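The model shown is predicted, which means the values in this text are computed figures rather than measured ones. Lettering follows sequence order; numbering is per chain, from 1.
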Amino acid sequence: MNESKDFLRLKVDEDLKSGKYKEVITRFPPEPNGFPHIGHAKSICINFGIARDYNGHCNLRMDDTNPTKEDTKYVEALKDAVEWLGFDYGENCCFTSDYFPKLYDYAVQLIKMGKAYVDSLNEDDMREFRGTVKEAGKRSIYAQRSVEENLELFEKMKNGEFKDGEHVLRAKIDMSAANMKMRDPLLYRIRHAHHFRAGDDWCIYPMYDFAHCLSDYIEGVSHSICTLEFENNRAIYDWVLNELNLQLPRPYQYEFARLGINYTVMSKRKLLELVEGDYVHGWDDPRLPTIAGYKRRGYTPESILNFCDQIGIAKANSMVDVSQLEFCIRDDLNKKVPRVMCVLDPVKVSIENYDGSEKIEASYYPHDVPKEGNRKLPFSREIYIERDDFNENPPKGYFRLTPEQPVRLKHAYILTCKEVIKDDNGNVIEIKAEYHPDSKSGSDTSGIKVKSAIQWVDAKKAKQIEVRLYDRLYKNESPEGLEDLNPNSLHVNKNALIEPAVIEEKPDERFQFERQGYFYADPIDYTNEKPVFNKIVGLKDSWGKKATSNKPTPKQVAKKVQIDGEIAPMSEEQEALFAKYTKNLGLNNEIANILARDEQLSSFYEEALLVISSPISLANIVTNEVGRELKKESELKFNAKQIAELVKMIDDATISSKIAKQVFEEMITSGENPEVIVEAKGLVQISDPAQIEPIIDEVIKNNPENIAKFKAGNTKLLGFFVGQVLKSTGGKANPAVVNKLVAGRLKDV
RNA sequence: UGGGGAUUCGCCAAGCGGUAAGGCACCACGUUUUGGUCGUGGCAUUCAUAGGUUCGAAUCCUAUAUCCCCAUCCA
């Protein structure tokens, strides 16, 4: 488990600590218009996971505000996915459609406040009026309608007196907002459509931006977690909740990066296209990244959960490598499932010196899996082995059967090849061999050394099965469309042979077919007469990789050349200021440049300069620290004079620049004078070596390992020791002095 | 002539001014009746780039580059 917390949990910690919320309530809010995929699983893990970690709860909420796309079959798939992953939403399966009456009332309230209006522009005009990303939009003439008129119109909309598209309800915000989402967003539209749950009760339906925030509020959600593409919508989320003056606490929205996995697609549109176009066999096709697909393929919930845990949560768009997912399922199944023998591409072996038959007792589990269970393997004169496990002209490093090299039949005897029989085309159709009677597994006295043990099945007792072998659905790492589909993503093998116990005893539903991979008895198509197995994932195969891979082409890392963009020229006044700062005051170019280009900064600087004539240190602190505060919305609590005083204390070495930062932080929040802060906190700098030396001794004593590393040549550790000393003085030690002393001491140890 | 995000190893991802965590992948060795598992070791003198502040910068400041999102009566 990750020790470090993700940014969402950090936020929850903070909110709980500050008392903003008493309980953590989250929600998983899918729209029931498609089957959930592994991206949804990530969201489920985040929302239900956080609720679980903080003893809160998580609602499963169907965001069903668009009657034309949604359906109850998707609701079932969604519920099933959540349950399969092991989460319990209890009574809390909610529907936005249940809130339609409340939502309507909120809309009326907004109209009454003059914050929403009925617009009657047609769709094209509305787009036109919205402007573009770079140009402001303009408001519809209908925005001038009176509250009464709006109320009346809205009610008529609800009563079905208008046709689809005739009117909409819009929020009155700002048609020139830089955030396009805030240009009077739509709140309600008319849809004379049957809703799968609300029936025909409504002919107006709320939009996402209006319904979502209020649904969260109605449910008492504290942390409303969604994906990155909703970042711009957060402004409306906040606007609606603020304008309505709701009773606190209210929810806040946070965004994380959605999951991307290479060689697959995750968009609902593309998934739907694959299913409806019959490029795959339904939503639960094992090649699909849907939950239903993984479930049918044989993935375990544990493996998906573990995968979601491993990939983490962050805000950077990312593409996770499928090998990470494959690792998770192998890792899970490795410790759980029985090993059995199956031959996918059989070639007959006649053991010429063997007569009769026997049953060999064999464990289902290897020595490193602590589980119990055995079966009997029938063995006789005729068996089948894997075609790949014999080679007449073996490459270097081939461990299996060759005319010269014997091999062990797993759990049974060592076999030596005597003769190879081929058809007219040169294909091997049979191998004649001899076994070594004294080489039986467990009582081998033959002394023969073999390089590997291969799987086999008895020719008479083996059962024929169908095996469905899946490869990645797309041939491209970042597939765009149908043209990127892998034509060989499914291979059906109807002639595989498996040892009888698997079919007769059914010890499990998932197996490792020894040396091949993990397989799952298909939950739908499997019958006793015609057993069907799905390949979940192959075993890691370092031999196959080595044998296939072409020579490692040394990837030349073309060093990226960074193209520098153009820098905006300075105005004449800025030039003059820049010249003055560099020539008269002796500032460096960077600082002078920043100051000269920022009117607000330079005037702050000039004002402070009147109090103390220490142009350089003043300029440094103004550009690097004050600038940051100036950019914030809130007003400054400190003034130029106080900054000048702070600089004065640095200049006369009362405090170090490290302490100055601490003092500055305090000034930001309290607006107190620097002297007062220094006095109150006793932040005066310690420069006396006699006081510092004992602390250094202490630090050296407490970090013997790092001293050793330092002696071994890790000179970076100097900084570490300086840091430790500074830390134990609460930052008060004079860093320059500490540095010198520590450097001196470390030389001697 | 916009706004909002992001950038740390091949892929994820910690890090919040004081030693660049961890996982996947990869490489090597050891164990092995699965070319699996397991074990051990190796994988970032450097955090998109360039400057600046600091005793000390992935972390603070400035500029630049690149990628993603926003102009559905979808969510």
Side-chain angles (χ1 to χ4, degrees), chain A residues 2-4 30-31 33 63 65-66 69 123 126-127 130-135 137 164-165 168 177-181 183 186 188-191 207-208 212 228-235 255 257 262 310-312 314-321 323-324 327 330 334-335 339 366-369 397 399 408 410-411 441 444 450-455 512 514-516 539-544 546 555 560 562-567 588-591 593-594 597 620-621 623-625 627-628 656-658 661 706 709 714 716-724 726-727 734-736 738-740:
Chain A
N2 276 338
E3 248 181 67
S4 48
E31 183 191 12
N33 68 344
D63 208 0
T65 58
N66 187 350
K69 289 188 180 172
E123 245 182 288
M126 200 173 291
R127 194 175 5 258
R130 191 147 31 220
T132 69
V133 285
K134 297 196 176 179
E135 288 158 36
D164 284 9
V168 294
N179 178 355
M180 296 285 295
K181 291 264 143 99
R183 321 249 257 228
L186 272 65
Y188 268 91
R189 79 286 214 187
I190 301 171
R191 276 285 127 81
M207 303 291 289
Y208 168 84
H212 203 93
L228 246 31
E229 67 270 27
F230 291 99
E231 270 173 327
N232 293 331
N233 301 58
R234 189 172 62 228
E255 312 86 12
N262 57 10
Q310 283 188 11
I311 57 174
K315 295 196 70 155
N317 290 316
S318 56
M319 181 77 85
V320 176
D321 203 303
S323 66
Q324 189 105 19
F327 168 83
R330 282 192 198 109
N334 174 50
K335 51 198 185 230
R339 319 290 142 126
H367 63 97
D368 50 349
V369 173
F399 291 171
R408 173 173 295 282
K410 176 95 182 176
H411 300 299
S441 191
D444 182 2
V450 290
K451 291 206 171 98
S452 73
I454 63 172
Q455 72 272 25
Q512 185 195 108
E514 209 130 359
R515 301 208 303 135
Q516 310 202 100
L539 253 29
K540 216 172 124 177
D541 181 10
S542 33
W543 165 249
K546 202 175 281 180
K555 242 195 289 180
K560 259 191 285 182
Q562 177 101 10
I563 300 149
D564 285 342
E566 236 162 89
I567 292 157
N588 71 36
N589 286 4
E590 180 74 17
I591 299 282
N593 188 30
I594 298 167
R597 283 170 186 273
N620 285 343
I621 200 161
T623 46
N624 289 310
E625 313 293 334
R628 179 173 58 242
S656 63
S657 61
K658 190 186 180 81
K661 283 193 185 172
N706 282 330
K709 281 193 209 165
N714 191 347
K716 278 183 294 191
L717 257 17
L718 177 63
F720 165 76
F721 288 110
V722 173
Q724 289 299 306
L726 249 28
K727 202 181 230 172
N734 182 332
V738 173
N739 236 296
K740 220 161 98 192

Margin query: Is there a side-chain contact between A:N588 and the phosphate of B:U53, meaning an N or O under 4.0 Å from OP1 or OP2?
Written below: yes
Margin query: Testing the basics here: between A:M207 and A:L186, what is the closest heavy-atom pair and its distance to 0.1 Å?
Written below: CG-O, 3.4 Å
Note to self: With side-chain contact (heavy atoms from CB on, under 4.5 Å) as the criterion, how do A:N179 and A:E231 come out once you've worked through the C-alpha distance, each side chain's angles and the decisive distance to 0.1 Å?
What the structure shows: CA-CA 10 Å; A:N179 178 355; A:E231 270 173 327; over 6 Å; no
Notebook entry, point to check: Hey, does the side-chain of A:E135 have a donor or acceptor N/O within less than 3.5 Å of a partner on the base of B:U1?
Noted result: no
Item checked: Between B:G42 and B:A25 - C1' atom distance, rounded Å -> 14 Å
Next item on the list: Take atom P in B:G10 and the same atom in B:C43, then report the distance between them in whole Å.
Entry: 15 Å
Using a cutoff of under 3.5 Å, can you pull out all pairs of nitrogen or oxygen atoms linking the protein to nucleotides 30-33 of chain B, with atom names and distances?
| residue | atom | partner | partner atom | Å |
| --- | --- | --- | --- | --- |
| B:U33 | O2' | A:K410 | NZ | 3.4 |
| B:U33 | O2 | A:H411 | N | 3.3 |
| B:U33 | N3 | A:R408 | NE | 3.4 |
| B:U33 | N3 | A:S441 | OG | 2.5 |
| B:U33 | O4 | A:R408 | NH1 | 3.1 |
| B:U33 | O4 | A:S441 | N | 3.3 |
| B:U33 | O4 | A:S441 | OG | 2.2 |
| B:U33 | O4 | A:G442 | N | 3.2 |

Next item on the list: Take atom P in B:C67 and the same atom in B:U8, then report the distance between them in whole Å.
Entry: 15 Å
Margin query: Both A:A316 and A:I591 contact RNA chain B. Which one's nearest nucleotide lies toward the 5' end?
Written below: A:A316
Note to self: Any base atoms under 4.0 Å from A:N706, or only sugar-phosphate, or nothing? Heavy atoms, all strands.
What the structure shows: base
Could you list the protein-to-nucleotides 70-75 of chain B atom pairs, N/O on both sides, closer than 3.5 Å?
| residue | atom | partner | partner atom | Å |
| --- | --- | --- | --- | --- |
| B:C70 | O4' | A:N232 | ND2 | 3.3 |
| B:U72 | OP2 | A:R127 | NH1 | 3.2 |
| B:C73 | OP2 | A:R130 | NH1 | 3.3 |
| B:C73 | OP2 | A:R130 | NH2 | 3.1 |
| B:C73 | O2' | A:R191 | NH2 | 3.0 |
| B:C73 | N4 | A:L121 | O | 3.4 |
| B:C73 | N4 | A:G165 | O | 3.0 |
| B:C74 | OP2 | A:R189 | NE | 3.1 |
| B:C74 | OP2 | A:R189 | NH2 | 2.8 |
| B:C74 | OP2 | A:R191 | NH1 | 3.0 |
| B:C74 | O3' | A:R189 | NH2 | 3.3 |
| B:C74 | O2' | A:N66 | ND2 | 3.1 |
| B:C74 | O2' | A:K69 | NZ | 3.4 |
| B:A75 | OP1 | A:T65 | OG1 | 2.7 |
| B:A75 | OP1 | A:R189 | NH1 | 3.4 |
| B:A75 | OP1 | A:R189 | NH2 | 2.9 |
| B:A75 | OP2 | A:Y208 | N | 3.1 |
| B:A75 | O3' | A:D63 | OD2 | 2.8 |

Margin query: Does the structure show A:F720 stacking with B:G18, if we require the centres to be closer than 5.5 Å and the planes to be within less than 30 degrees of parallel?
Written below: no
Notebook entry, point to check: Between A:R183 (side chain) and A:A177 (backbone), is there a donor-acceptor pair under 3.5 Å?
Noted result: yes
Note to self: Whole angstroms only, please: what is the CZ-P distance between A:R515 and B:G36?
What the structure shows: 11 Å
Notebook entry, point to check: If we call it a pair only when both distances are under 3.5 Å in a Watson-Crick or G-U wobble match, what pairs with B:C38?
Noted result: B:G30
Notebook entry, point to check: Once you round to the nearest 0.5 Å, how far does CG of A:N334 lie from CZ of A:F327?
Noted result: 9.5 Å
Check: Given B:A25, B:G35, B:C12, which nucleotide is nearest the side-chain atoms of A:I311?
Finding: B:C12
Notebook entry, point to check: Measuring from A:N734:CG to A:K658:NZ, what's the distance to the nearest 0.5 Å?
Noted result: 12.0 Å
Check: What's the spacing between A:R330 CZ and A:K540 NZ if we round to 0.5 Å?
Finding: 7.5 Å
Notebook entry, point to check: Do the side chain of A:Q324 and the base of B:G23 come within less than 3.5 angstrom through a donor-acceptor pair of N or O atoms?
Noted result: yes
Next item on the list: Nearest-nucleotide wise, let me know which of A:E231 and A:G397 is further upstream toward the 5' end of RNA chain B.
Entry: A:E231
Note to self: Taking atom NZ as the centre, does A:K451 end up with more than 12 heavy-atom neighbours from other residues, nucleotides or ligands that are less than 6.0 angstrom away?
What the structure shows: no
Next item on the list: Can you tell me, in whole Å, how much space there is between the P of B:G41 and that of B:C24?
Entry: 15 Å
Next item on the list: Could you pull out the closest heavy-atom pair between A:R515 and A:Q512, with the gap in Å?
Entry: N-OE1, 4.0 Å
Note to self: What's the separation between atom OH in A:Y208 and atom CZ in A:F230, rounded to the nearest 0.5 Å?
What the structure shows: 4.5 Å
Item checked: Pairwise C1' distance, B:C68 and B:G30 [rounded to whole Å] -> 46 Å
Item checked: Set of residues satisfying side-chain hydrogen bond (donor to acceptor under 3.5 Å, both in side chains) with respect to A:E514, sequence neighbours excluded -> A:K410
Check: Quick one: A:K315 NZ to B:G15 P, roughly how many Å, whole number?
Finding: 15 Å
Checklist line | Side-chain donor/acceptor of A:N588 to backbone N/O of A:I591, under 3.5 Å | finding: yes
Notebook entry, point to check: Which residues pass the side-chain hydrogen bond (donor to acceptor under 3.5 Å, both in side chains) test with A:R234, sequence neighbours left out?
Noted result: A:E255
Notebook entry, point to check: In whole Å, what is the span from the CD atom of A:Q512 to the C1' atom of B:G36?
Noted result: 6 Å
Notebook entry, point to check: On a whole-Å scale, what distance lies between the C1' atoms belonging to B:U59 and B:C74?
Noted result: 40 Å
Margin query: Given 3.5 Å as the limit, does a donor-acceptor pair link the side chain of A:N593 with the main chain of A:N589, or not?
Written below: no
Notebook entry, point to check: Quick one: OG1 on A:T623 to CD on A:E590, what's the gap to the nearest 0.5 Å?
Noted result: 8.5 Å
Check: Expressed in angstrom and rounded to an integer, what is the separation of A:R330 atom CZ from B:G23 atom C1'?
Finding: 15 Å
Checklist line | Derivation of the side-chain contact (heavy atoms from CB on, under 4.5 Å) call for A:N706 and A:Q724 | finding: CA-CA 12 Å; A:N706 282 330; A:Q724 289 299 306; over 6 Å; no
Margin query: Please classify the nucleic acid contact of A:K709 as base, sugar-phosphate, or nothing, using heavy-atom distances under 4.0 Å.
Written below: base
Notebook entry, point to check: What's the NZ-P distance between A:K540 and B:G36, to the nearest Å?
Noted result: 8 Å
Notebook entry, point to check: Looking only at atom P, what distance separates B:G18 and B:A58, rounded to whole Å?
Noted result: 10 Å
Check: Could you state the interatomic distance from NE2 (A:H411) to CD (A:Q455), rounded to the nearest 0.5 Å?
Finding: 10.5 Å
Note to self: With a 3.5 Å limit on both atom pairs, tell me what B:C67 is paired to, counting Watson-Crick and G-U wobble, or say none.
What the structure shows: B:G5
Check: What one-letter contact string describes nucleotides 54-65 of chain B from 5' to 3', where B marks a base within less than 4.0 Å of any protein heavy atom, S marks contact via sugar-phosphate atoms alone, and - marks no contact?
Finding: SBBB--SBBSBB
Margin query: I need the CH2-P distance between A:W543 and B:G36, as an integer number of Å.
Written below: 12 Å
Would you tabulate the pairs of protein nitrogen or oxygen atoms and nucleotide nitrogen or oxygen atoms of nucleotides 38-47 of chain B closer than 3.5 angstrom?
| residue | atom | partner | partner atom | Å |
| --- | --- | --- | --- | --- |
| B:U46 | O4 | A:K716 | NZ | 3.0 |

Next item on the list: Indicate, with a heavy-atom threshold strictly under 4.0 Å, whether A:R339 touches base, sugar-phosphate, or nothing.
Entry: base
Next item on the list: Provide the distance between the two C1' atoms, one in B:C47 and one in B:U7, to the nearest whole Å.
Entry: 10 Å
